[in-house]
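Beneath this line is the structure, given in structure tokens, with notes to follow.
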Protein chains: 2
Amino acid sequence: MPSMNPSDDLDAITAEEITGTAVPKDGIEAMTHKRPNAFTELMAPKKSKPSSPPTPKPSSSTSYTKVFKERSGLGAYIENPESYPPSRVILYDDDWVVINDLYPKSSVHLLLLPRNPKIYDLHPLRALTDDPEFLAAVREQVAKLKPLIANELRRLYGQHSESDKPYQSALEDLMSSPNAPTTQAERDKLLPPGRDWKKEVVAGVHAHPSMSHLHIHILSKDMYSACLKHKKHYNSFKTSFFVPIDDFPLGQEGEDKRWHPGRNGWPNWDMICWRCGRNFSNKFVQLKAHLEEEFERWKRE
Amino acid sequence: MPSMNPSDDLDAITAEEITGTAVPKDGIEAMTHKRPNAFTELMAPKKSKPSSPPTPKPSSSTSYTKVFKERSGLGAYIENPESYPPSRVILYDDDWVVINDLYPKSSVHLLLLPRNPKIYDLHPLRALTDDPEFLAAVREQVAKLKPLIANELRRLYGQHSESDKPYQSALEDLMSSPNAPTTQAERDKLLPPGRDWKKEVVAGVHAHPSMSHLHIHILSKDMYSACLKHKKHYNSFKTSFFVPIDDFPLGQEGEDKRWHPGRNGWPNWDMICWRCGRNFSNKFVQLKAHLEEEFERWKRE
DNA sequence: TATTCCGATAGTGAC
DNA sequence: GTCACTATCGGAATGAG
């Protein structure tokens with residue numbers, strides 16, 4: 001990640017200014033908090049502007065054009081990452097753009113977008129199975145982003161967490177000391193491990209994405225979000241329709257059923273609670289209520 | 001029909017007082033019109049109270065009980081026809097009750113209810129096929145009620161009707177003469193035939209009624225009503241699910257498919273416009289719009 | 001499996 | 001096929017200055 005967003009204008013622009021009134025609450029409340037958070041900190045050290053966007057088309061003038069492009073795909077982020085506020089485009093360099101999913105399905109939900117045109121029109125299962133170089137590069141990015149999300153989860157939920165208490169207590173002591181370190185990395189060296197929040201993060205792709213432009217989902221496991229509105233939303237992350245990056249390369253078609261979920265009954269699979277295993281059949285409203293309960297328990301773990 | 005409702009309290013009670021706020025507009029706007037109408041006139045001549053209701057159970061005290069009875073069936077009308085306003089219970093005697101359907105599916109929609117307990121729990125196809133005496137009695141009642149509805153249609157739509165113009169013009173002349181007859185029957189003897197409104201009336205039963213208590217539908221053909229809200233409403237009158245009284249007695253089960261519409265795909269039959277034959281497949285909203293257009297053309301015939 | 005809107009379909013409860 | 005309510009399921013449009 002050679003180039004990053006400047007962190008100066010962190011709070012300058014809101015998502016609403018870009019996408020209009022219908023935009024759901026942004027996933028990164030983090031950005032508006034006083035306390036430093038994983039995303040701002042990761043961006044802070046380097047200030048250089050991106051060397052040059054790969055295809056520097058003139059950025060669209062009117063906002064409704066952006067709205068349309070966001071609906072039809074993810075191309076606008078790839079083409080003009082610099083035109084978005086840091087609350088939407090978290091990170092970018094010549095090869096990658098990382099955004100907050102506009103319609104997050106978990107409390108933290110990022111998309112990792114490759115900017116290489118040779119890649120971004122491929123089917124994700126194909127690209128990640130056939131191109132070892134790409135797979136390795138994705139794994140490298142995911143390895144960077146998982147800790148970032150883990151820190152965000154700690155920021156959001158650490159104070160509710162039983163197993164994170166050692167960390168939280170020690171952090172409180174540390175921050176009240178005169179020479180408290182200013183970066184997460186420095187702080188964490190001095191602190192007990194506490195809860196391993198990275199275990200609460202998953203990364204993978206959908207077997208049959210609807211949006212054009214290859215995208216890798218990186219998100220917390222909770223599925224607690226106002227944008228989670230129907231069965232496919234849930235099952236696309238909590239069934240084999242979601243293929244973790246760790247599972248690649250896949251066996252070829254015919255060997256691995258995940259190439260063709262439609263042949264195995266998708267999207268009519270039952271909804272199963274990710275945490276307790278309870279089968280909700282097709283009762284989405286009941287699942288939603290249950291997910292809120294499980295979210296509370298999960299935070300408190 | 002030996003006994004009739006008194007016509008004195010015609011406008012005294014509204015349907016809303018009985019059934020609460022959720023009650024649709026009553027089908028008998030006729031009742032509140034200045035001009036004499038078929039129903040009021042038919043009731044006017046005889047004033048005697050009903051000799052004795054067949055099972056004079058104490059009438060339910062609370063209004064919600066009445067609401068419930070009306071929802072679960074038609075028993076309340078059979079048991080206590082005298083407790084309803086003439087806008088709801090049009091006619092009754094020891095053997096029959098005629099009501100305005102609480103949820104009319106055409107602009108005029110009556111139900112004929114036999115009061116005999118030996119009859120009213122039978123399946124309508126069974127009763128009308130196996131009991132020639134009952135069938136004959138129903139035919140007699142229908143023969144009385146069809147002209148009543150025909151007169152109501154003439155009252156409602158006669159002035160829009162092309163083919164009814166001879167009658168309408170002559171009626172206007174007649175009514176402006178000094179010694180105008182006061183009854184429909186007297187008037188009609190002196191007037192040209194005009195449109196044959198009886199042809200716009202159908203009578204029959206549903207192959208599988210949902211409401212308990214055997215009931216015969218007698219209604220205009222238009223299917224123009226706010227209460228017509230879904231496919232089954234329409235198809236239950238405009239497919240072979242509706243069995244005209246004239247078709248009885250039916251052939252036995254196995255001979256006549258109408259005994260078991262469910263075995264032949266009901267309720268998934270397409271909706272076909274009763275007037276132009278256009279197939280609306282399962283597009284109810286489009287059919288509704290079309291029915292309004294056809295209603296206007298039908299009135300003007 | 002992008003969202004959103006509309007509408008068709010299905011199950012239930014009514015006391 | 002009683003109604004009314006909720007929810008699930010299913011297709012179509014989505015923007016072009």
Side-chain angles (χ1 to χ4, degrees), chain A residues 19 22-24 60-75 101-103 105 111 123-125 205-213 215 217 227 229-237 239-243 258 260-262 266-269 271 280-288, chain B residues 19-20 22-24 60 62 64-75 101-103 105 111 123-125 205-213 215 217 227 229-237 239 241-243 261-262 266-269 271 280-288:
Chain A
T19 50
V23 174
S60 350
S61 52
T62 56
S63 68
Y64 67 80
T65 302
K66 282 190 182 174
V67 171
F68 175 57
K69 286 191 174 176
E70 283 167 11
R71 278 183 185 167
S72 12
L74 302 164
D101 193 307
L102 188 54
Y103 302 94
K105 305 307 185 297
L111 298 182
H123 187 293
L125 303 192
V205 295
H206 286 156
H208 285 290
S210 276
M211 274 190 301
S212 55
H213 296 99
H215 51 283
H217 296 269
C227 297
K229 291 182 176 174
H230 53 69
K231 186 206 264 197
K232 283 180 186 174
H233 284 158
Y234 184 79
N235 275 355
S236 68
F237 290 99
T239 68
S240 61
F241 190 91
F242 184 80
V243 185
R258 288 174 289 186
H260 300 290
W266 172 270
N268 295 321
W269 295 335
M271 291 175 284
F280 284 80
S281 179
N282 63 345
K283 306 304 176 198
F284 181 77
V285 171
Q286 291 169 240
L287 172 68
K288 276 290 282 187
Chain B
T19 51
V23 175
S60 347
T62 56
Y64 71 80
T65 303
K66 281 190 183 175
V67 172
F68 174 58
K69 284 190 175 175
E70 282 167 12
R71 278 184 184 167
S72 21
L74 301 163
D101 193 308
L102 188 54
Y103 302 94
K105 304 307 187 297
L111 298 183
H123 187 292
L125 303 192
V205 295
H206 287 156
H208 285 290
S210 276
M211 270 189 306
S212 54
H213 295 100
H215 51 284
H217 296 270
C227 297
K229 291 183 175 175
H230 53 69
K231 185 206 268 198
K232 284 180 185 176
H233 284 158
Y234 184 78
N235 274 356
S236 69
F237 290 99
T239 68
F241 190 90
F242 183 80
V243 185
W266 172 271
N268 295 321
W269 295 335
M271 291 174 284
F280 283 81
S281 178
N282 62 344
K283 306 305 176 197
F284 180 78
V285 170
Q286 290 168 241
L287 172 68
K288 276 290 283 186

If one requires at least 3 consecutive Watson-Crick or G-U pairs with distances under 3.5 Å, the stems of DNA chain C turn out to be C:2-14 with D:2-14

Looking only at heavy atoms, the pair that brings A:His213 and A:Leu74 closest together is ND1-N, 3.5 Å

Here the distance between atom C1' of D:dG10 and atom NZ of A:Lys229, to the nearest Å, is 18 Å

Separation of C:dA14 atom C1' from B:Leu102 atom CG, nearest Å, is 15 Å

NA contact type, [X], heavy-atom cut-off 4.0 Å: base, sugar-phosphate, or nothing?
X	value
B:His206	sugar-phosphate
A:Pro209	sugar-phosphate
B:His217	nothing
A:Lys105	sugar-phosphate

For B:His206, the ring-ring contact (aromatic ring centres under 6.0 Å, His included) test, sequence neighbours excluded, returns B:His217, B:Phe237, B:Phe241

The ring-ring contact (aromatic ring centres under 6.0 Å, His included) partners of A:His123 (sequence neighbours excluded) come to A:His208

Rounding to 0.5 Å, atoms CG (B:Asn282) and CG (B:Leu287) come to a distance of 11.0 Å

For nucleotides 6-10 of chain C, print each protein N/O atom paired with a nucleotide N/O atom at under 3.5 Å, atom names and distance only.
unit_1, atom_1, unit_2, atom_2, d
C:dA8, OP1, B:Phe284, N, 2.9
C:dA8, OP1, B:Val285, N, 3.3
C:dA8, O3', B:Asn282, ND2, 3.2
C:dT9, OP1, B:Asn282, ND2, 3.3

| query | Taking the inter-plane angle between the rings of B:Trp266 and B:Trp269 on a 0 to 90° scale, is it parallel (under 30°), tilted (30 to 60°) or perpendicular (over 60°)? | reply | perpendicular

